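Model, not experiment: these values are computed from the prediction. Throughout, numbering of the chain's residues begins at 1 and tracks the sequence.
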Amino acid sequence: TGGGGAFGVGGYFKSVLDPYLPVSMEIKNEHRKLSLAMAVALDRSGSMAMPVGDGRQKMDLANLGTCAAIDSLGPFDEVGVIAVDSAPHIVSPLMPAEDTQGICNRVRGIQSMGGGIFVYTALVTAGDMVQASDKGTRHIVLFADAADAEEPGDYVRFLTRMKELGITVSVIGLGSELDKDAAFLKDVAAKGDGRIQFTASVEELPRLFAQEAITVARSSFVDAPTATHAVSDMVLLGDLPKSKFPNIDGYNLSYLRPGATV
């Protein structure tokens with residue numbers, strides 16, 4: 001019923017099972033303790049122009065994935081989107097995630113423009129974007145082709161600085177862990193205190209983007225001890241003396257009534 005593999009963080013949001021489940025996979029605003037500022041840096045290099053069927057390209061699915069992440073945010077969150085090839089292109093500056101439709105309209109217009117993705121340039125631009133926010137959680141999502149991620153630059157020093165500022169970095173890699181740049185992308189996520197997800201199926205991108213947004217929003221909860229108060233008729237299973245309740249192993253507890261004294 002809970003844990004890292006359940007509900008939204010388990011990847012069920014936007015999955016084929018989501019519409020049929022009796023619970024919501026989204027985190028409602030009233031349950032959030034801290035707001036999120038998230039910058040998404042998208043690979044728009046030449047490899048993203050490859051067709052995937054239905055007249056669509058890889059870029060189209062990456063755009064849809066970004067919109068799925070944006071749709072999972074609340075109006076008190078902030079989001080910005082950057083398209084990156086050999087230079088950064090700010091598609092949408094960091095702004096409140098209120099007009100998600102307007103932001104997604106701009107995101108859906110991103111096209112592959114050739115060249116390769118300069119990862120260090122993407123990270124620095126996204127870092128500058130979220131540093132300007134005062135939100136309690138600040139996060140960067142880097143999407144890159146695992147076989148064509150160029151220009152690592154001094155990413156180790158940069159990510160160390162981001163960690164000092166409390167900014168985390170996750171990576172969604174298009175491809176597999178066997179691709180030539182996969183180890184580099186995994187190290188970016190590890191040093192960024194984030195997550196790494198690989199997929200060779202572009203159809204999976206909307207679900208993975210949404211899962212990442214929900215996971216980082218989930219980390220916005222404040223962990224604090226919750227005070228409890230034991231009342232006189234409170235009975236704990238571990239406290240039941242078996243001599244008085246010989247059938248306890250059979251879970252025959254029907255004779256325990258409210259107010260019973262043990």
Side-chain angles (χ1 to χ4, degrees), residues 2-15 18 24-43 62 64-82 92-98 100 103-104 107 119 122-123 125-144 158-159 161-173 185-199 204-224:
F7 304 128
V9 295
Y12 291 95
F13 182 55
K14 299 288 185 181
S15 72
D18 190 358
S24 172
M25 297 298 102
E26 300 180 71
I27 296 178
K28 303 302 182 183
N29 290 324
E30 60 267 24
H31 296 155
R32 294 279 297 281
K33 304 301 182 185
L34 296 175
S35 295
L36 164 69
M38 183 175 70
V40 182
L42 287 173
D43 179 357
L64 288 176
T66 304
C67 288
I70 293 171
D71 285 340
S72 71
L73 302 179
F76 299 108
D77 295 321
E78 294 176 341
V79 65
V81 182
I82 307 155
S92 179
L94 194 72
M95 63 174 62
E98 296 175 325
T100 56
I103 298 172
C104 283
V107 170
V119 172
L123 292 174
T125 306
D128 289 342
M129 185 176 280
V130 294
Q131 280 186 67
S133 174
D134 61 356
K135 297 300 182 182
T137 300
R138 296 179 294 177
H139 186 64
I140 296 169
V141 180
L142 172 69
F143 168 74
F158 172 79
L159 292 173
R161 177 57 180 159
M162 291 296 100
K163 187 174 181 178
E164 292 171 352
L165 295 173
I167 297 171
T168 52
V169 180
S170 289
V171 179
I172 297 175
L185 295 179
K186 289 171 70 173
D187 199 44
V188 169
K191 288 183 169 57
D193 275 351
R195 289 153 295 281
I196 179 73
Q197 300 183 86
F198 290 103
T199 181
E204 281 282 287
L205 291 178
R207 185 182 66 82
L208 294 182
F209 272 91
Q211 181 181 350
E212 176 59 29
I214 287 178
T215 301
V216 72
R218 180 178 182 266
S219 70
S220 298
F221 282 90
V222 176
D223 292 326

Q: Shortest non-hydrogen contact from S170 to G194?
A: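 Scanning both residues completely, I find the closest heavy atoms to be OG-CA, 3.5 Å.
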Q: Please round to the nearest 0.5 Å and tell me the distance separating atom OG1 of T168 and atom NZ of K163.
A: 11.5 Å
Q: Please tell me if the side chains of T199 and L205 come closer than 4.5 Å, counting only heavy atoms from C-beta onward.
A: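 Yes - at least one pair of side-chain heavy atoms lies under 4.5 Å apart.
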Q: Quick one: closest heavy-atom pair of P206 and A68, and the distance?
A: O-CB, 3.5 Å
Q: Does some side-chain heavy atom of I167 sit less than 4.5 Å from a side-chain heavy atom of I140?
A: yes
Q: For a side chain to side chain contact (heavy atoms under 4.5 Å, CB included) check, start with the C-alpha distance between L36 and K135, then their side-chain angles and the critical distance, and finish with the verdict.
A: CA-CA 6 Å; L36 164 69; K135 297 300 182 182; 5.9 Å; no
Q: Would the distance check show the side chain of D128 and the main-chain N or O of T125 forming a donor-acceptor pair, the cut-off being under 3.5 Å?
A: no
Q: Tell me, do Q197 and Q211 make a side-chain contact under 4.5 Å, heavy atoms counted?
A: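 Yes. Closest side-chain heavy atoms under 4.5 Å.
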Q: Hey, could you give me the CD/CD1 distance between E212 and I196, rounded to the nearest 0.5 Å?
A: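 Atom-to-atom, E212:CD and I196:CD1 are 9.5 Å apart.
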Q: Nearest 0.5 Å, what's the CG-CD1 distance between D43 and I82?
A: 13.0 Å
Q: Measure the spacing between CD of E78 and CE of M129 and express it to the nearest 0.5 Å.
A: 11.0 Å
Q: Using only atom types and a distance under 3.5 Å, with no angle test, would you say the side chain of T100 pairs donor to acceptor with the backbone of A97?
A: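 No; zero donor-acceptor contacts below 3.5 Å.
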Q: Side chain to side chain contact (heavy atoms under 4.5 Å, CB included) between T66 and F143: does it pass, once the steps are laid out?
A: CA-CA 9 Å; T66 304; F143 168 74; over 6 Å; no
Q: Minimum heavy-atom separation for A41 and A122, please, with both atom names.
A: CB-CB, 4.0 Å
Q: Using every non-hydrogen atom in the two residues, find where S92 and I103 come nearest and quote the distance to one decimal.
A: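 Taking every non-hydrogen atom into account, OG-CG2, 3.9 Å.
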Q: How far does CG of D77 sit from NE2 of H139, to the nearest 0.5 angstrom?
A: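 Nearest 0.5 Å value for the CG-NE2 distance: 12.5 Å.
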Q: Looking at side-chain heavy atoms only, is the closest gap between I70 and V81 below 4.5 Å?
A: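 Yes, close enough: below the 4.5 Å cut-off.
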Q: Which atoms form the tightest heavy-atom contact between A37 and V130, and what is the distance?
A: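 A37 and V130 have their closest heavy atoms at O-CG1, 4.1 Å.
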Q: Going from OG on S72 to CZ on F209, what distance comes out if it is rounded to the nearest 0.5 angstrom?
A: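 If we round to the nearest 0.5 Å, S72:OG and F209:CZ are 11.5 Å apart.
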Q: Testing the basics here: between M38 and A69, what is the closest heavy-atom pair and its distance to 0.1 Å?
A: CE-CB, 4.2 Å
Q: Under the 3.5 angstrom rule, does the side chain of R195 hit a backbone N or O of T215 as a donor-acceptor pair?
A: no
Q: Should M162 and L123 be marked as a side chain to side chain contact (heavy atoms under 4.5 Å, CB included) after you check the CA-CA gap, both sets of side-chain angles, and the distance that decides it?
A: CA-CA 10 Å; M162 291 296 100; L123 292 174; over 6 Å; no
Q: Apply the test side chain to side chain contact (heavy atoms under 4.5 Å, CB included) to residues S133 and L94: give CA-CA distance (whole Å), side-chain angles for both, the deciding distance (0.1 Å), then the verdict.
A: CA-CA 8 Å; S133 174; L94 194 72; 3.7 Å; yes
